[in-house]
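Working notes for the structure below.
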Protein chains: 2
Amino acid sequence: MSSPSTPARGRPARLDPDRTVGTALELLDEAGLDALTMRRLADALGVQAGALYRYFATKQDLLTAMAERMLADAGTPPAAAATPDADWSERLADLARAMRAALLARRDGARVFAGTHSTGPHTLGFAETMIGVLREAGFDDRDAAHTLMAVANFTVGHTLEEQAALRPGSGDPADPERLCQAVTVTPGRFPHLATALPTLTGTDFTAGFEFGLRVLVQGLRTLDRTGHRHGYAAGHGGGGRERS
Amino acid sequence: MSSPSTPARGRPARLDPDRTVGTALELLDEAGLDALTMRRLADALGVQAGALYRYFATKQDLLTAMAERMLADAGTPPAAAATPDADWSERLADLARAMRAALLARRDGARVFAGTHSTGPHTLGFAETMIGVLREAGFDDRDAAHTLMAVANFTVGHTLEEQAALRPGSGDPADPERLCQAVTVTPGRFPHLATALPTLTGTDFTAGFEFGLRVLVQGLRTLDRTGHRHGYAAGHGGGGRERS
DNA sequence: ACCTGAACACCGTTCAAGT
DNA sequence: ACCTGAACACCGTTCAAGT
């Protein structure tokens with residue numbers, strides 16, 4: 001069990017960044033973001049709170065490292081990785097789905113991600129993959145960058161709402177009951193909203209996510225056609241793999 | 001100046017919800033969300049911190065009231081209000097622009113809004129107006145509700161990034177320098193990202209917002225054509241005002 | 001009815017001192 | 001080098017008591 005390339009010289013070091021982030025993510029799943037405290041995390045690690053600051057200058061840095069690890073493998077979703085010759089729009093959608101899945105995998109995952117700006121390899125790799133798909137499809141730099149931001153913003157925003165609505169009515173009651181009551185208490189004031197209430201307070205978040213994804217992809221497709229100056233247009237039907 | 005219908009009987013009441021929210025918004029603009037403390041707000045109001053809890057059961061409730069007031073008049077943007085016979089897509093885009101403008105108008109406005117779930121008249125009125133525009137254009141309940149969420153999520157997500165990037169590099173350095181350095185420090189690892197860097201780290205946020213808006217609207221337009229069961233299709237060109 | 005004063009149970013962060 | 005112990009400067013929230 002003694003790995004030969006261990007550079008540890010002095011004591012075994014009970015604390016290291018990897019274990020700290022791992023325990024922090026476990027604590028997040030158990031107690032939620034609001035209960036994720038430097039003191040509580042230190043307790044779970046069997047250490048004093050001050051010790052955490054030897055590896056993370058600030059709590060924000062710890063949260064950023066957590067967000068970075070959450071996105072592991074999100075840049076290489078199984079579907080898109082297994083079918084590199086698929087339609088660009090399907091690869092794009094799969095990347096967005098992988099991101100949503102990564103955020104949903106942990107309690108308050110979207111909130112953690114939205115509050116940080118990781119520049120780690122996983123986060124950057126995700127962006128790299130997505131921009132790569134778009135550029136191969138003929139998008140120029142500007143459009144690819146803007147598309148990345150639009151899809152990522154939609155995905156994070158959606159998952160934020162999804163996780164807010166799913167947790168029990170603690171401090172900030174999400175849509176379910178509060179919205180319903182507020183609308184129906186004034187019968188004639190919000191007629192259109194009242195009609196749309198069943199969908200808005202429904203629990204089929206996947207349907208809403210797929211709707212937005214479909215709308216975005218369709219919009220991008222028309223952009224591809226009517227468009228600007230593209231060197232080559234691809235992905236109009238289904239095949240058309242392109243190399244180099 | 002003594003309004004006849006004032007129900008105040010005892011003392012003038014130095015504190016009231018309206019003034020409290022107003023002062024809180026001023027404090028937000030001056031110091032930012034992280035510095036908006038119940039104690040500091042109480043100081044600005046010339047009162048003890050505990051007194052705030054007679055009108056707001058929790059700080060979250062105060063933030064919700066702030067978010068609600070921010071959205072005042074966002075449901076009736078000048079452009080869309082002045083031209084009720086305009087294309088539905090232009091009215092939709094104007095509503096999104098009004099929402100972005102409302103959030104940008106105050107420091108950390110997007111962060112305050114994203115962290116709350118107001119069910120007040122302004123927030124509900126905004127949703128009502130948007131769903132109304134969509135239903136008049138022929139969208140069914142489900143599509144209208146999903147579109148509202150997609151547009152709102154994109155707008156909030158975009159403005160969140162915009163305000164994060166605009167403020168000085170305090171605790172959480174946004175894109176400008178950090179991202180640039182992280183990408184360029186490993187030359188060959190993120191080639192596509194590196195190409196898109198100028199746009200991603202650029203400061204023309206309006207261009208990025210309008211891009212996403214255009215993509216969403218175009219996607220919704222194709223949905224309108226290929227679509228489902230619509231009673232009537234409208235807004236395909238420009239005119240076509242419809243009443244009752 | 002409305003607010004004060006003071007406390008309760010915490011926070012993130014720092015830093016001498018130990019080992 | 002790595003962690004402890006203890007402090008600093010705060011938090012949100014509650015609640016008897018005053019006026």
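Residue numbers start from 1 in every chain, and the chains themselves are labelled A, B, ... in the order their sequence lines are given, proteins ahead of strands. Atoms considered below: every heavy atom in the structure, side chains included; atoms not considered: hydrogens, waters and symmetry mates.
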Q: Whole angstrom is fine here: how far is it from OH in A:Tyr55 over to P in C:dG12?
A: 20 Å
Q: Write down the distance between CG (A:Leu52) and P (C:dG12), rounded to a whole number of angstrom.
A: 10 Å
Q. Looking at the side chain of A:Tyr53, which of D:dC2, C:dG12, C:dC3 is the nearest nucleotide?
A. C:dG12
Q: Hey, which sits more toward the 5' end of DNA chain C by its nearest nucleotide, A:Arg40 or A:Ala51?
A: A:Arg40
**Q.** Short N-O contact, B:Asp29 and B:Arg106, less than 4.0 angstrom
**A.** yes
(Q) Output the rounded distance in Å from NZ (A:Lys59) to P (C:dT14). (A) 14 Å
Q.
Heavy atoms from C-beta onward define the side chain here; which of C:dT13, D:dC3, C:dC2 lies closest to that of A:Met38?
A. C:dT13
Q. D:dA9 and C:dA9: how far apart are their P atoms, nearest whole angstrom?
A. 23 Å
Q) Nearest-Å distance, CZ (B:Arg39) to P (D:dA9)? A) 15 Å
Q. Roughly how many Å is it from CD in A:Gln48 to P in C:dT13, rounded to a whole number?
A. 17 Å
Q) Looking across every strand, which nucleic acid part, if any, lies under 4.0 Å from A:Phe56 by heavy atom: base, sugar-phosphate, or nothing? A) nothing
Q: Using a strict cut-off of less than 4.0 Å between a Lys/Arg side-chain nitrogen and an Asp/Glu carboxylate oxygen, indicate whether B:Glu162 and B:Arg100 qualify as a salt bridge.
A: yes
Q.
Between C1' on D:dC3 and CG on A:Leu41, what's the gap in Å once rounded to a whole number?
A. 15 Å
Q: Report the nucleotide, chosen from C:dC3, D:dT13, C:dT13, that has the shortest atom-to-atom distance to any side-chain atom of B:Val47.
A: C:dC3
(Q) Please determine whether a side-chain nitrogen or oxygen atom of B:Thr58 lies at a distance below 4.0 Å from atom OP1 or OP2 of D:dT13. (A) yes
(Q) Under a 3.5 Å cutoff, is there a donor and acceptor pairing between the side chains of B:Thr116 and B:Thr64? (A) no
Q: State which of D:dT13, C:dC2, C:dT13 makes the closest approach to the side chain of B:Ala49.
A: D:dT13
(Q) Assess whether a salt bridge exists between B:Glu210 and B:Arg97, defined as any Lys/Arg side-chain N lying under 4.0 Å from an Asp/Glu carboxylate O. (A) yes
**Q.** Base-pairing mate for D:dT19 - Watson-Crick or G-U, with both contacts under 3.5 Å
**A.** C:dA1
Q) In whole angstroms, how far is the C1' atom of C:dG12 from the CG atom of A:Asp34? A) 15 Å
Q) Among D:dC3, C:dC11, C:dC3, which nucleotide sits nearest the side chain of A:Thr37? A) C:dC11
Q: Would you mind reading off the distance between B:Asp43 atom CG and D:dC11 atom P, rounded to a whole angstrom?
A: 10 Å
**Q.** A:Arg111 and A:Asp34 ion-paired at < 4.0 Å
**A.** yes
Q. What is the pairing partner of C:dA7, taking Watson-Crick or G-U wobble pairs with both distances under 3.5 Å in any strand?
A. D:dT13
Q: Look at the side chain of B:Arg14 and decide which nucleotide, out of C:dC3, C:dT13, D:dT4, has an atom nearest to it.
A: C:dC3
